[in-house]
Q: 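I'd like to ask you about the structure that follows.
Lettering of chains follows the sequences in order, A, B, ..., and the numbering in each one begins at 1.
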Amino acid sequence: MPELPEVETIVRGLAGTIVGKQIERAVIRLAKIAIAPPGVAFSKALRGERITGTRRRGKYAIVDLVSGRSLVTGLRMTGRLVVQKPGEEDFPGTHVVLWFTDGSRLSFADLRTFGRMRLVEPAEVWDRDLGIEPFSSGFTPGAFMSMLAGRTTPIKALLLDQRRIAGIGNIYACEALWEARIRPSRPAKALTKPAIRRLHLAIVDVLQRAIALRGTSVDDYVDAAGLRGGFQNILSVYGRLGQPCVRCGSPVVRTVLGQRGTWWCRRCQR
DNA sequence: CTGAGATCCTGGGGGC
DNA sequence: TGCCCCCAGGATCTCA
(Lines give C-alpha, C1' and ligand atoms only; values in the text may rest on other atoms or scores of the structure.)
Protein backbone atom coordinates (compact mmCIF):
# COMPACT_ATOMS: atom_id res chain seq x y z
CA MET A 1 0.00 0.00 0.00
CA PRO A 2 1.59 3.19 -1.11
CA GLU A 3 2.29 5.49 1.83
CA LEU A 4 4.36 8.65 1.94
CA PRO A 5 7.73 7.11 0.90
CA GLU A 6 6.19 5.18 -1.98
CA VAL A 7 4.26 8.20 -3.27
CA GLU A 8 7.36 10.37 -2.90
CA THR A 9 9.30 7.84 -4.96
CA ILE A 10 6.60 7.74 -7.62
CA VAL A 11 6.42 11.51 -7.82
CA ARG A 12 10.20 11.87 -8.15
CA GLY A 13 10.16 9.30 -10.92
CA LEU A 14 7.38 11.13 -12.71
CA ALA A 15 9.24 14.42 -12.42
CA GLY A 16 12.07 13.00 -14.49
CA THR A 17 9.91 11.43 -17.15
CA ILE A 18 6.64 13.27 -17.82
CA VAL A 19 7.35 16.92 -17.02
CA GLY A 20 7.10 18.91 -20.24
CA LYS A 21 5.03 16.32 -22.05
CA GLN A 22 1.76 17.17 -23.72
CA ILE A 23 -1.40 15.12 -23.36
CA GLU A 24 -2.86 14.08 -26.67
CA ARG A 25 -5.84 12.33 -25.17
CA ALA A 26 -7.06 10.87 -21.89
CA VAL A 27 -8.84 7.53 -21.94
CA ILE A 28 -11.09 6.52 -19.07
CA ARG A 29 -11.95 2.86 -18.92
CA LEU A 30 -13.70 2.90 -15.55
CA ALA A 31 -15.74 6.04 -15.07
CA LYS A 32 -15.85 6.13 -11.25
CA ILE A 33 -12.06 6.33 -11.03
CA ALA A 34 -11.76 9.70 -12.79
CA ILE A 35 -13.40 12.58 -10.97
CA ALA A 36 -13.74 16.12 -12.31
CA PRO A 37 -15.35 19.30 -10.92
CA PRO A 38 -19.04 19.84 -11.71
CA GLY A 39 -19.50 20.81 -15.33
CA VAL A 40 -16.02 19.69 -16.35
CA ALA A 41 -15.46 16.65 -18.55
CA PHE A 42 -12.31 14.84 -17.40
CA SER A 43 -11.02 13.61 -20.75
CA LYS A 44 -11.94 16.68 -22.70
CA ALA A 45 -10.36 19.00 -20.14
CA LEU A 46 -7.06 17.15 -20.32
CA ARG A 47 -6.73 17.19 -24.07
CA GLY A 48 -3.80 19.40 -25.05
CA GLU A 49 -2.68 20.00 -21.47
CA ARG A 50 1.01 20.06 -20.66
CA ILE A 51 2.67 18.65 -17.52
CA THR A 52 4.52 21.36 -15.61
CA GLY A 53 5.53 19.50 -12.47
CA THR A 54 4.86 16.73 -9.98
CA ARG A 55 4.66 16.78 -6.19
CA ARG A 56 3.26 14.94 -3.19
CA ARG A 57 0.88 15.79 -0.38
CA GLY A 58 0.39 13.09 2.23
CA LYS A 59 -0.23 9.90 0.26
CA TYR A 60 -1.46 11.78 -2.80
CA ALA A 61 0.53 12.16 -6.01
CA ILE A 62 -0.06 15.48 -7.75
CA VAL A 63 0.57 16.22 -11.40
CA ASP A 64 0.45 19.95 -12.17
CA LEU A 65 -0.80 21.16 -15.53
CA VAL A 66 -0.05 24.28 -17.53
CA SER A 67 -3.64 25.52 -17.14
CA GLY A 68 -3.14 25.69 -13.39
CA ARG A 69 -5.29 22.66 -12.85
CA SER A 70 -3.86 19.59 -11.14
CA LEU A 71 -4.40 15.86 -11.25
CA VAL A 72 -4.55 14.48 -7.72
CA THR A 73 -4.23 10.71 -7.45
CA GLY A 74 -4.96 8.71 -4.33
CA LEU A 75 -3.58 5.22 -4.84
CA ARG A 76 -5.15 3.63 -1.78
CA MET A 77 -4.05 0.01 -1.49
CA THR A 78 -3.31 -1.35 -4.93
CA GLY A 79 -3.09 1.73 -7.13
CA ARG A 80 -0.20 2.12 -9.54
CA LEU A 81 0.94 5.18 -11.45
CA VAL A 82 3.31 4.06 -14.15
CA VAL A 83 4.88 5.64 -17.21
CA GLN A 84 4.90 3.30 -20.19
CA LYS A 85 6.70 3.41 -23.47
CA PRO A 86 5.10 2.79 -26.86
CA GLY A 87 4.37 -0.90 -27.28
CA GLU A 88 4.57 -1.75 -23.59
CA GLU A 89 1.64 -3.77 -22.33
CA ASP A 90 -0.92 -2.42 -19.86
CA PHE A 91 -0.84 -3.46 -16.23
CA PRO A 92 -3.91 -5.46 -15.19
CA GLY A 93 -6.68 -3.14 -14.01
CA THR A 94 -5.65 -0.09 -16.01
CA HIS A 95 -8.48 2.39 -15.61
CA VAL A 96 -7.12 5.72 -16.83
CA VAL A 97 -4.51 6.32 -19.52
CA LEU A 98 -3.00 9.69 -20.42
CA TRP A 99 -1.49 9.43 -23.88
CA PHE A 100 1.29 11.89 -24.59
CA THR A 101 2.11 13.35 -27.99
CA ASP A 102 5.42 11.43 -28.06
CA GLY A 103 3.63 8.07 -27.89
CA SER A 104 4.42 7.34 -24.26
CA ARG A 105 1.67 7.24 -21.64
CA LEU A 106 0.91 7.59 -17.94
CA SER A 107 -1.31 4.79 -16.70
CA PHE A 108 -3.32 4.54 -13.54
CA ALA A 109 -3.98 0.90 -12.68
CA ASP A 110 -5.75 -0.35 -9.60
CA LEU A 111 -6.95 -3.94 -9.21
CA ARG A 112 -9.26 -3.14 -6.35
CA THR A 113 -10.53 0.10 -7.85
CA PHE A 114 -10.36 1.95 -4.53
CA GLY A 115 -8.02 4.61 -5.86
CA ARG A 116 -9.18 7.83 -7.51
CA MET A 117 -7.75 10.31 -9.95
CA ARG A 118 -9.21 13.76 -9.38
CA LEU A 119 -8.96 16.79 -11.61
CA VAL A 120 -8.66 19.84 -9.40
CA GLU A 121 -9.24 23.49 -10.33
CA PRO A 122 -6.40 26.02 -9.91
CA ALA A 123 -7.78 27.63 -6.76
CA GLU A 124 -9.51 24.55 -5.39
CA VAL A 125 -8.61 23.54 -1.85
CA TRP A 126 -8.76 19.77 -1.96
CA ASP A 127 -6.53 18.97 1.04
CA ARG A 128 -8.44 20.79 3.77
CA ASP A 129 -8.75 17.62 5.83
CA LEU A 130 -5.11 16.60 5.53
CA GLY A 131 -2.82 17.13 8.51
CA ILE A 132 0.76 18.28 8.78
CA GLU A 133 3.54 17.01 6.53
CA PRO A 134 6.10 15.01 8.58
CA PHE A 135 9.00 16.74 6.81
CA SER A 136 7.62 20.26 7.21
CA SER A 137 9.24 22.74 9.58
CA GLY A 138 6.00 22.86 11.56
CA PHE A 139 6.26 19.22 12.56
CA THR A 140 8.29 19.77 15.70
CA PRO A 141 8.42 17.65 18.84
CA GLY A 142 6.40 20.39 20.53
CA ALA A 143 3.72 20.37 17.84
CA PHE A 144 3.59 16.58 18.02
CA MET A 145 3.27 16.76 21.79
CA SER A 146 0.27 19.07 21.67
CA MET A 147 -1.26 16.82 19.01
CA LEU A 148 -1.23 13.94 21.49
CA ALA A 149 -2.26 15.93 24.55
CA GLY A 150 -5.45 14.72 26.18
CA ARG A 151 -6.21 12.10 23.54
CA THR A 152 -7.29 8.70 24.72
CA THR A 153 -7.05 7.09 21.28
CA PRO A 154 -4.31 4.46 20.84
CA ILE A 155 -1.13 6.09 19.59
CA LYS A 156 -1.08 3.90 16.50
CA ALA A 157 -4.61 4.94 15.50
CA LEU A 158 -3.53 8.56 15.86
CA LEU A 159 -0.52 8.01 13.61
CA LEU A 160 -2.82 6.59 10.93
CA ASP A 161 -5.24 9.54 11.15
CA GLN A 162 -4.48 11.59 8.02
CA ARG A 163 -6.22 14.62 9.51
CA ARG A 164 -3.40 14.93 12.05
CA ILE A 165 -0.25 13.81 10.24
CA ALA A 166 -0.45 13.20 6.50
CA GLY A 167 1.30 10.25 4.89
CA ILE A 168 1.78 7.57 7.55
CA GLY A 169 0.13 4.22 6.81
CA ASN A 170 0.10 0.84 8.49
CA ILE A 171 3.64 -0.19 7.59
CA TYR A 172 5.42 2.94 8.81
CA ALA A 173 3.17 3.33 11.86
CA CYS A 174 4.25 -0.16 12.98
CA GLU A 175 7.90 0.48 12.14
CA ALA A 176 8.07 3.90 13.84
CA LEU A 177 6.46 2.58 17.03
CA TRP A 178 8.93 -0.29 17.09
CA GLU A 179 11.86 2.06 16.55
CA ALA A 180 10.63 4.28 19.39
CA ARG A 181 9.93 1.25 21.62
CA ILE A 182 6.32 2.23 22.19
CA ARG A 183 3.40 -0.15 22.55
CA PRO A 184 0.91 0.56 19.71
CA SER A 185 -2.13 0.40 21.99
CA ARG A 186 -0.94 3.04 24.45
CA PRO A 187 -3.33 5.97 24.77
CA ALA A 188 -1.71 8.95 23.07
CA LYS A 189 -1.96 11.05 26.21
CA ALA A 190 -0.11 8.42 28.25
CA LEU A 191 3.15 8.86 26.34
CA THR A 192 5.92 10.42 28.36
CA LYS A 193 7.81 13.41 27.03
CA PRO A 194 10.89 11.32 26.18
CA ALA A 195 8.67 8.76 24.44
CA ILE A 196 7.04 11.48 22.34
CA ARG A 197 10.49 12.77 21.38
CA ARG A 198 11.62 9.27 20.41
CA LEU A 199 8.50 8.72 18.34
CA HIS A 200 8.81 12.07 16.60
CA LEU A 201 12.37 11.20 15.66
CA ALA A 202 11.40 7.68 14.62
CA ILE A 203 8.63 8.89 12.29
CA VAL A 204 10.93 11.23 10.41
CA ASP A 205 13.76 8.70 10.44
CA VAL A 206 11.79 5.72 9.18
CA LEU A 207 10.12 7.74 6.41
CA GLN A 208 13.47 9.14 5.27
CA ARG A 209 15.15 5.74 5.27
CA ALA A 210 12.23 4.28 3.31
CA ILE A 211 12.48 7.02 0.69
CA ALA A 212 16.21 6.34 0.41
CA LEU A 213 15.34 2.72 -0.45
CA ARG A 214 12.58 3.78 -2.82
CA GLY A 215 9.73 2.50 -0.66
CA THR A 216 8.38 -0.84 0.52
CA SER A 217 7.03 -3.49 -1.86
CA VAL A 218 5.16 -6.06 0.22
CA ASP A 219 2.60 -6.74 -2.48
CA ASP A 220 1.68 -4.57 -5.43
CA TYR A 221 3.70 -1.41 -5.06
CA VAL A 222 5.99 -0.36 -7.90
CA ASP A 223 7.37 3.07 -8.71
CA ALA A 224 6.71 5.19 -11.79
CA ALA A 225 9.15 3.08 -13.79
CA GLY A 226 7.53 -0.17 -12.66
CA LEU A 227 10.36 -1.07 -10.23
CA ARG A 228 9.93 -2.47 -6.73
CA GLY A 229 11.17 -0.75 -3.60
CA GLY A 230 13.82 -2.04 -1.21
CA PHE A 231 12.58 -1.27 2.30
CA GLN A 232 10.68 -4.58 2.60
CA ASN A 233 14.09 -6.21 3.08
CA ILE A 234 14.80 -4.29 6.27
CA LEU A 235 11.40 -4.17 7.93
CA SER A 236 11.74 -4.68 11.67
CA VAL A 237 8.23 -5.83 12.60
CA TYR A 238 5.67 -5.29 9.84
CA GLY A 239 4.49 -8.64 8.49
CA ARG A 240 7.07 -10.53 10.58
CA LEU A 241 4.67 -12.52 12.76
CA GLY A 242 6.52 -15.09 14.86
CA GLN A 243 9.94 -14.05 13.65
CA PRO A 244 12.45 -12.86 16.25
CA CYS A 245 12.54 -9.16 17.05
CA VAL A 246 15.77 -7.91 15.51
CA ARG A 247 16.50 -5.97 18.69
CA CYS A 248 15.70 -8.43 21.48
CA GLY A 249 14.90 -11.77 19.84
CA SER A 250 11.41 -12.04 21.28
CA PRO A 251 8.88 -13.24 18.67
CA VAL A 252 6.97 -10.51 16.84
CA VAL A 253 3.25 -10.62 17.63
CA ARG A 254 0.25 -9.49 15.61
CA THR A 255 -2.81 -7.92 17.17
CA VAL A 256 -5.71 -6.00 15.70
CA LEU A 257 -6.01 -2.34 16.56
CA GLY A 258 -8.69 -0.16 15.05
CA GLN A 259 -9.49 -2.97 12.58
CA ARG A 260 -5.88 -2.98 11.38
CA GLY A 261 -3.24 -5.65 11.64
CA THR A 262 -0.57 -4.46 14.04
CA TRP A 263 2.87 -6.06 14.37
CA TRP A 264 5.03 -5.33 17.39
CA CYS A 265 7.37 -6.71 20.01
CA ARG A 266 5.87 -7.48 23.40
CA ARG A 267 9.23 -7.25 25.13
CA CYS A 268 10.73 -4.04 23.83
CA GLN A 269 7.62 -1.96 23.11
CA ARG A 270 6.06 -0.71 26.34
C1' DC B 1 -15.64 16.02 19.22
C1' DT B 2 -14.83 11.01 19.21
C1' DG B 3 -15.19 6.39 18.16
C1' DA B 4 -17.46 2.41 16.00
C1' DG B 5 -19.07 0.23 12.03
C1' DA B 6 -20.16 -0.17 7.16
C1' DT B 7 -18.66 0.38 2.55
C1' DC B 8 -15.99 -0.34 -1.59
C1' DC B 9 -13.26 -4.59 -4.35
C1' DT B 10 -10.41 -8.54 -5.67
C1' DG B 11 -6.64 -11.83 -5.16
C1' DG B 12 -5.29 -15.15 -2.41
C1' DG B 13 -5.42 -18.05 1.55
C1' DG B 14 -7.79 -21.37 4.35
C1' DG B 15 -11.00 -24.94 4.88
C1' DC B 16 -13.30 -28.91 3.33
C1' DT C 1 -7.09 -31.69 -6.51
C1' DG C 2 -10.49 -28.33 -6.84
C1' DC C 3 -13.89 -25.30 -5.34
C1' DC C 4 -16.06 -22.07 -2.36
C1' DC C 5 -16.03 -18.82 1.22
C1' DC C 6 -14.13 -15.16 3.51
C1' DC C 7 -11.38 -11.31 4.44
C1' DA C 8 -7.66 -7.48 4.49
C1' DG C 9 -7.21 -2.75 4.08
C1' DG C 10 -7.32 3.45 3.28
C1' DA C 11 -10.44 6.80 3.13
C1' DT C 12 -15.03 8.31 3.72
C1' DC C 13 -19.55 8.36 5.35
C1' DT C 14 -23.19 7.44 8.76
C1' DC C 15 -24.59 6.80 13.30
C1' DA C 16 -24.39 6.77 18.29
Q: Classify Arg151(A) by what it touches in the nucleic acid, base, sugar-phosphate, or nothing, heavy-atom distance under 4.0 Å.
A: sugar-phosphate
Q: State whether Arg69(A) and Glu49(A) are salt-bridged, where the test is any N-O pair (Lys NZ or Arg NE/NH1/NH2 against Asp/Glu carboxylate O) under 4.0 Å.
A: no
Q: Under 4.0 Å between a side-chain N or O of Arg164(A) and OP1 or OP2 of dT2(B)?
A: yes
Q: Would you mind reading off the distance between Ile165(A) atom CD1 and dA11(C) atom P, rounded to a whole angstrom?
A: 13 Å
Q: Calculate the interatomic distance between Arg57(A) atom CZ and dA11(C) atom P; express it in whole Å.
A: 12 Å
Q: Give one of base, sugar-phosphate or nothing for Thr153(A), where a contact means two heavy atoms less than 4.0 Å apart.
A: sugar-phosphate
Q: May I ask you to say what Asn170(A) touches in the nucleic acid, namely base, sugar-phosphate or nothing, with a heavy-atom cut-off under 4.0 Å?
A: sugar-phosphate
Q: Rounded to the nearest Å, what distance is computed from the CG atom of residue Leu257(A) to the P atom of nucleotide dG3(B)?
A: 12 Å
Q: How many whole angstroms separate atom CZ of Arg80(A) from atom C1' of dT10(B)?
A: 14 Å
Q: Less than 4.0 angstrom between a side-chain N/O of Thr78(A) and OP1 or OP2 of dA8(C), yes or no?
A: no
Q: Would you say Arg76(A) reaches dG9(C)'s phosphate, i.e. side-chain N/O to OP1/OP2 under 4.0 Å?
A: no
Q: Atom NZ of Lys59(A) to atom P of dT12(C): distance rounded to whole Å?
A: 10 Å
Q: Hey, is Lys85(A) close enough to Asp102(A) for a salt bridge, meaning N to O under 4.0 Å?
A: no
Q: For the pair Arg56(A) and Glu8(A), find out whether any cationic side-chain nitrogen is under 4.0 Å from an anionic carboxylate oxygen.
A: yes
Q: Between Gly258(A) and Arg116(A), which is nearer to the 5' end of DNA chain B once each is assigned its nearest nucleotide?
A: Gly258(A)
Q: Between Thr52(A) and Asp64(A), do the side chains contain a donor N or O and an acceptor N or O under 3.5 Å apart?
A: no
Q: Starting at the 5' end of DNA chain C and moving along, which residue's nearest nucleotide shows up first, Arg118(A) or Arg112(A)?
A: Arg112(A)
Q: Check every strand shown and say whether Gly74(A) touches a base, only sugar-phosphate, or nothing at a heavy-atom separation below 4.0 Å.
A: nothing
Q: What is the distance from CG of Leu30(A) to C1' of dC8(B), rounded to the nearest Å?
A: 12 Å
Q: If you take the centroid of each ring, where Trp contributes its six-membered ring, are Tyr60(A) and Trp126(A) closer together than 6.0 Å?
A: yes
Q: In whole angstroms, how far is the C1' atom of dA11(C) from the CD1 atom of Ile33(A)?
A: 14 Å
Q: I want to verify a distance call: between dT12(C), dG5(B), dG9(C), whose nearest atom is closest to the Gln259(A) side chain?
A: dG5(B)
